[in-house]
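What follows is a single structure, written as structure tokens, with notes after it.
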Amino acid sequence: MSGVTATGTEKDFAYDKVETLLQEFTGKKGVTVPVLQKIQEEFGYLPRPAMEYVAKRLRIPISKIFGVATFYAQFHLHPRGRNIIRVCRGTACHVRGVSKVAEKIQEILGIGVGETTEDLNFTYEEVACIGACGLAPVMTINDKTYGKLASNKLKGILKKY
Amino acid sequence: MYERHILICAGTGCISSGTISVKDALENELKKHNLQDKVRIILSGCHGFCEKGPIFIVYPEDIFYCEVQAEDVPELVEEYLIKGNVVERLLYKDPTTDMAITSHDEIPFYSRQKRQVLRNCGVIDPESIDEYIIRGGYVGLENALKMDRMGIINEVKSSGLRGRGGAGFPTGMKWEFAYRSPGDKKYVVCNADEGDPGAFMDRSVLEGDPHAVLEGLIIAGLAIGSDEAYIYVRAEYPLAIQRLKTAITQAEEYGVLGENILNSGANFKINIKEGAGAFVCGEETALLASIEGERGMPRPRPPFPAVKGLWEKPTCINNVETLANIPLILRKGAAWYSTVGTESSKGTKIFALTGKVNNTGLCEVPMGISLREIVFDIGGGIRDGKKYKAVQIGGPSGGCIPEDLLDLPVDFDSLTAAGAMMGSGGMVVMDEDTCMVDLARYFLSFTQSESCGKCTPCREGTKRMLEILQRITKGKGEPEDIPRLEQLAAAVKDSSLCGLGQTAPNPVLTTLRYFRDEYEAHIFDRRCPAGVCKELLSYYIDSELCTGCRACVRVCPTDAISGERKEPHTIDETKCISCGACFDRCRFDAVKTK
Ligand SMILES: Cc1cc2nc3c(=O)[nH]c(=O)nc-3n(C[C@H](O)[C@H](O)[C@H](O)COP(=O)(O)O)c2cc1C
Ligand code: FES
């Protein structure tokens with residue numbers, strides 16, 4: 001249950017936070033993407049009430065906001081884990097066998113691409129090129145990059161989180 | 001006065017290999033020996049040799065240490081900085097001769113390059129405008145301010161510079177279109193979206209020499225008569241964004257950016273926009289839609305952005321590397337610039353050399369160099385003594401180049417003739433263990449999922465092609481699949497709205513052109529010659545290596561493996577479903593594929 005009422009508002013949602021974020025954008029053009037980026041920075045994902053609020057305040061149809069939010073890989077509509085694992089599926093990593101690594105992590109965590117573990121500890125994602133191809137295969141966990149991966153190194157790395 | 005400078009590479013590759021802990025250890029160690037006033041530590045941009053990071057160079061002697069870790073630092077300080085004994089074990093060793101090399105100019109990876117655009121990367125502190133200026137920075141801008149608009153444009157035109165973002169459109173001509181378009185407000189946009197998976201040239205330039213890009217942008221603005229620019233950077237590049245922001249602030253303080261640049265009366269403002277992860281946004285019209293806050297979907301051209309671009313105003317869009325070439329041209333002149341390169345492609349090109357080569361990293365080479373020199377001299381040949389199969393140039397829009405075309409000169413036109421394209425500069429080397437059908441499937445799955453869905457040929461066509469390729473790699477290919485692929489490829493290429501769809505079939509077409517036998521082996525013999533496609537492999541146990549531990553017997557889902565404890569096991573091929581579980585499980589590498 002999302003708790004969204006017929007009017008599209010939710011009582012205990014932190015609308016004031018969204019309002020504060022919107023301040024620096026008033027009167028500017030082309031702000032949809034940066035506004036959504038700010039909201040995601042604040043909440044970790046895009047809560048529906050926040051998008052509805054933005055739609056009203058900026059006088060943009062909600063369908064359009066939703067269209068933008070679902071177009072870009074960067075935006076998430078559901079809460080995510082504390083630790084974000086991003087495995088690179090770029091060409092250099094592909095050629096150096098990242099598929100096995102990707103399969104192994106999913107097996108260890110028991111989740112698929114874009115999913116989050118039940119304890120909210122990990123979210124597993126796949127991205128195209130992290131820009132560290134020299135170290136392929138590569139993944140990042142939060143801001144830390146792990147290169148030259150092999151399936152047998154993974155358990156040790158994941159244990160640290 | 002410092003006696004020595006130590007440059008530690010702080011590009012993304014080296015940082016993930018441990019640059020920061022090396023720097024912290026060095027600071028501590030210098031303090032311990034009371035050397036902090038004699039030795040200066042500089043965190044530099046990418047040196048290109050990411051494979052061997054962290055890179056650690058000591059000047060003025062120019063001693064090149066690589067793969068330095070924090071634990072090595074006490075020894076480096078004690079033995080080298082204090083006693084003057086070179087620490088041999090941390091030097092680069094030539095893989096062919098096994099000889100240690102002390103200076104980086106002597107390492108083949110560097111000596112074959114021509115580092116013009118990357119001249120500052122790894123040499124200066126990217127967060128210091130002074131260091132950029134000492135090395136000739138912003139002289140190009142000063143020169144440009146003395147010229148009129150057509151003067152600048154003509155200089156760029158006669159340099160022969162062509163866009164480095166993919167299509168190779170002549171830059172001077174693009175500027176002239178934007179200049180001649182009527183309009184009171186015009187924009188310049190720097191395309192730093194770098195969507196090709198497997199390429200990181202633009203990232204390294206932005207991280208290692210951000211002022212070069214700014215200077216290029218400002219000059220472009222002067223030329224077309226624009227006072228505002230956007231840099232569209234991937235959000236996946238946080239370090240590049242931070243360095244750009246620092247550089248913009250410094251440039252404003254020094255008066256080369258902002259109001260009344262160097263007292264010329266010209267104004268220029270630079271905004272940064274973070275991309276949000278969509279390959280198609282690298283396409284210029286989609287990029288503009290994205291800056292405007294819309295879904296990044298391409299628009300039909302014409303009208304071209306030079307006529308109707310950002311917010312319907314004339315807009316000039318250039319790639320990062322293109323812009324980084326501009327200061328050089330304005331400083332040293334078109335005549336100087338055009339001495340390097342071939343008839344139709346002038347200057348240098350930066351490639352991200354990755355995959356199965358010994359030396360992966362970033363290299364800048366003169367146009368016209370042969371692929372063989374890049375892969376075998378700079379790249380040091382194929383890893384683990386394997387055999388070269390092909391190199392993929394131009395990412396998902398490009399194509400593969402087989403062994404008999406290795407002597408092809410690398411320039412825009414010859415690559416296009418071979419069915420590949422220059423693209424932005426990704427160069428992924430493949431060896432005998434790479435399956436070309438699987439590779440084509442990989443690229444198609446990328447373009448298919450990145451297709452924005454606006455036009456039907458790209459949205460549906462790439463999907464159907466992908467289904468066929470998936471079928472072939474699963475051993476379910478049909479004899480008509482090859483002609484079907486060719487027919488679909490032609491239709492998608494001809495009728496898609498933007499460059500994404502128009503180039504998406506290239507990897508399929510080139511692999512079909514040069515490696516048709518691999519497709520046929522998959523379809524007719526149900527065999528994957530490279531041993532990659534799981535469903536097509538057959539497994540057997542090497543009785544010499546098998547210890548009879550029964551580990552594989554326990555994981556086999558179909559009970560296909562039999563044998564007594566401590567006796568070699570065997571696989572019953574009629575029961576085996578080629579899942580590979582035994583292969584992954586075996587600790588003695590006794591399970592083999594054929
Ligand atoms: C699907 C697609 C993706 C593209 N991605 C990029 C990119 O990541 N970076 C880039 O500079 N150009 C990219 N381009 C090319 C741009 O549309 C445009 O041609 C280029 O930015 C122009 O700059 P240049 O003339 O300096 O090369 C892409 C084109 C297409 C069709
Ligand atoms: S392809 Fe994986 S980091 Fe570039």
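These numbers come from a predicted model, not from an experiment. Note on naming: letters A, B, ... go to the chains in the order of the sequence lines (proteins, then strands), and numbering restarts at 1 for each one.
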Measure the SG-CZ distance between A:C133 and B:R203 for me, rounded to the nearest 0.5 Å. 9.0 Å
Are there more than 12 heavy atoms of other residues, nucleotides or ligands under 6.0 Å from atom CD of A:Q23? yes
Are the side chain of A:R96 and the backbone of B:G355 linked by a donor-acceptor contact shorter than 3.5 Å? yes
Examine distances only and state if a side-chain atom of B:R295 and a backbone atom of A:F71 form a donor-acceptor pair shorter than 3.5 Å. no
Looking at OG1 of B:T354 and NE2 of A:H94, how far apart are the two atoms once the value is rounded to the nearest 0.5 Å? 12.5 Å
Donor-acceptor pair, A:Y72 side chain versus B:G296 backbone, under 3.5 Å? yes
Toward chain A, the part of B:F279 with a non-hydrogen atom under 4.5 Å: neither
Answer with side chain, backbone, both or neither: which region of B:V429 has an atom nearer than 4.5 Å to a non-hydrogen atom of chain A? backbone
B:K273 versus A:G30, closest heavy-atom pair with distance: NZ-O, 3.0 Å
Between B:N359, B:V357, B:D438, which shows the greatest number of heavy-atom pairs under 4.5 Å with chain A? B:D438
At a 4.5 Å cut-off on heavy atoms, which part of B:S204 comes close to chain A: side chain, backbone, both, or neither? neither
Against chain A, label B:C435 side chain, backbone, both or neither, depending on which of its atoms sit under 4.5 Å from a heavy atom there. neither
Over 12 foreign heavy atoms within 6.0 Å of CZ, B:R585: no
With a cut-off of 6.0 Å (strictly less than), are more than 12 heavy atoms of other residues, nucleotides or ligands near NZ of A:K148? yes
Is it the backbone or the side chain of B:F49 that comes under 4.5 Å from a heavy atom of chain A, or both, or neither? neither
With sequence neighbours excluded, tell me which residues meet side-chain hydrogen bond (donor to acceptor under 3.5 Å, both in side chains) with A:Q37. A:Q74
Nearest 0.5 Å please: distance from the CZ atom of B:F446 over to the OG1 atom of A:T91. 7.5 Å
Under 4.5 Å to a heavy atom of chain B? For A:E103 that would be side chain
Just wondering, do A:L135 and B:S17 contact through their side chains at under 4.5 Å, heavy atoms? yes
Between B:D433, B:D431, B:V428, which is the residue that forms a side chain to side chain contact (heavy atoms under 4.5 Å, CB included) with A:V95? B:V428
In terms of heavy-atom contacts, does CZ of A:F66 have more than 12 from other residues, nucleotides or ligands at under 6.0 Å? no
Interface moiety of B:E274 toward chain A, non-hydrogen atoms closer than 4.5 Å: both
Out of B:M201, B:E450, B:R383, which one racks up the most heavy-atom pairs below 4.5 Å with chain A? B:R383
Beyond-backbone contact of A:C129 with B:E194, side-chain heavy atoms, under 4.5 angstrom: no
Which atoms of B:K52 are under 4.5 Å from chain A, going by heavy atoms: the side chain, the backbone, both sets, or neither? neither
Test your reading of the model: is there a side-chain donor-acceptor pair from A:T145 to the backbone of B:S16, 3.5 Å cut-off? no
If you count heavy-atom pairs under 4.5 Å between each of B:E294, B:R234, B:Q392 and chain A, which one has the most? B:E294
Within a 6.0 Å radius of atom NZ on A:K155, are there more than 12 heavy atoms belonging to other residues, nucleotides or ligands? no
Which portion of A:T70 sits near chain B, non-hydrogen atoms under 4.5 angstrom: side chain
